[in-house]
Amino acid sequence: MMVKYIEIFETEVSDTEDKTTFEELLHGSPKQKAEVHKVENAYHLISQGYWSDADALFDEVLADDPNNSEALMGKQLISRKSRISSRMDSLDARAYKATTREKAASKNPLRRKAVLWVIVVVFLLVCGFAAASVAGVLPDALDVFGEAKPAVTEAVPTPTPTPTPTPTKNVKSADDIYNDYINGLNKN
């Protein structure tokens, strides 16, 4: 019966009227019109910045018609936008970290790399000299650089030489023992 009405309306439409609009009205079902309306609303929500609401509307349309090309394109648009947003967020975070590091380095000169290296080298030299002084080799270590100075400036007492013992009658000297040995060999 619907076909008869379409034929009647098609014959009665004059040439001056827009046939395509009239045919769309005749052939479009209420369900299709609702889907078109939801898709249009979803794109309007996207233009207003309500991405999650638009995504929900596209999901509703795709639940009824999984092959709706406009809803699929809208979902792809939202997907690309979310990937771009996440990339931008990570770039913003990296830029913020770099900016805060630069500000901290400019405020605190000890945070610069050159200053930190100098501090490390000085620390190692101090530790080396401390270890050398504990081991008692600090004057020798300074002598390498030609700046040998005594570690302690107090007077060091000089040892008094002990007199060599004089041989007694019962004690033979080394020469006497050697001569006795040689004489003994010559006798045999």
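Here, residue 1 is the first one in the sequence, and each next residue gets the next number. Values below: every heavy atom of this structure, side chains too, minus hydrogens, waters and symmetry copies.
Counting only heavy atoms from C-beta outward, the side chains of Lys38 and Tyr43 never approach each other to under 4.5 Å. Taking 4.5 Å as the limit, some side-chain heavy atom of Ile46 sits within range of a side-chain heavy atom of Phe58.
Between the side chain of Ser47 and the backbone N or O of His44 there is at least one donor-acceptor pair closer than 3.5 Å. With Tyr96 contributing its side chain and Leu91 its backbone, the two residues share no donor-acceptor pair below 3.5 Å. In this structure, the side chain of Asn183 engages the main chain of Asn179 through a donor-acceptor pair within 3.5 Å.
Remark: Asp55 CG to Ile78 CD1 distance equals 4.0 Å, nearest 0.5 Å. In this structure, Lys81 NZ and Ser86 OG are separated by 9.5 Å, a value rounded to the nearest 0.5 Å. Between the CH2 atom in Trp51 and the OG atom in Ser82 there is a gap of 9.0 Å [rounded to 0.5 Å]. Atom CD of residue Gln76 and atom CE of residue Met73 lie 8.5 Å apart, to the nearest 0.5 angstrom. Distance check, rounded to the nearest 0.5 Å: CG of Asp180 to CG of Asp175 gives 11.0 Å. Taking CD from Glu70 and CG from Leu62, the interatomic distance works out to 11.0 Å, rounded to the nearest 0.5 Å.
Listed here is the closest heavy atom pair of Ala54 and Ala42: CB-O, 3.3 Å.
No chain of hydrophobic side-chain contacts below 4.5 Å, direct or via other Ile, Leu, Val, Met, Phe, Trp or Tyr residues, connects Leu124 to Val118. Residues Val36 and Leu72 do not share a hydrophobic cluster, defined by chaining ILVMFWY side chains whose heavy atoms lie under 4.5 Å apart.
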Check the pair Lys75, Asp59 against side-chain contact (heavy atoms from CB on, under 4.5 Å), reporting the backbone distance first and the verdict last. CA-CA 8 Å; Lys75 292 287 282 184; Asp59 286 337; 2.6 Å; yes
Carefully, step by step, assess Val39 and Leu57 under the rule side-chain contact (heavy atoms from CB on, under 4.5 Å). CA-CA 7 Å; Val39 168; Leu57 280 177; over 6 Å; no
Evaluate the criterion side chain to side chain donor-acceptor pair (under 3.5 Å) for residue pair Ser79 and Arg83; output intermediate values, then yes/no. CA-CA 6 Å; Ser79 167; Arg83 284 195 312 262; 3.1 Å; yes
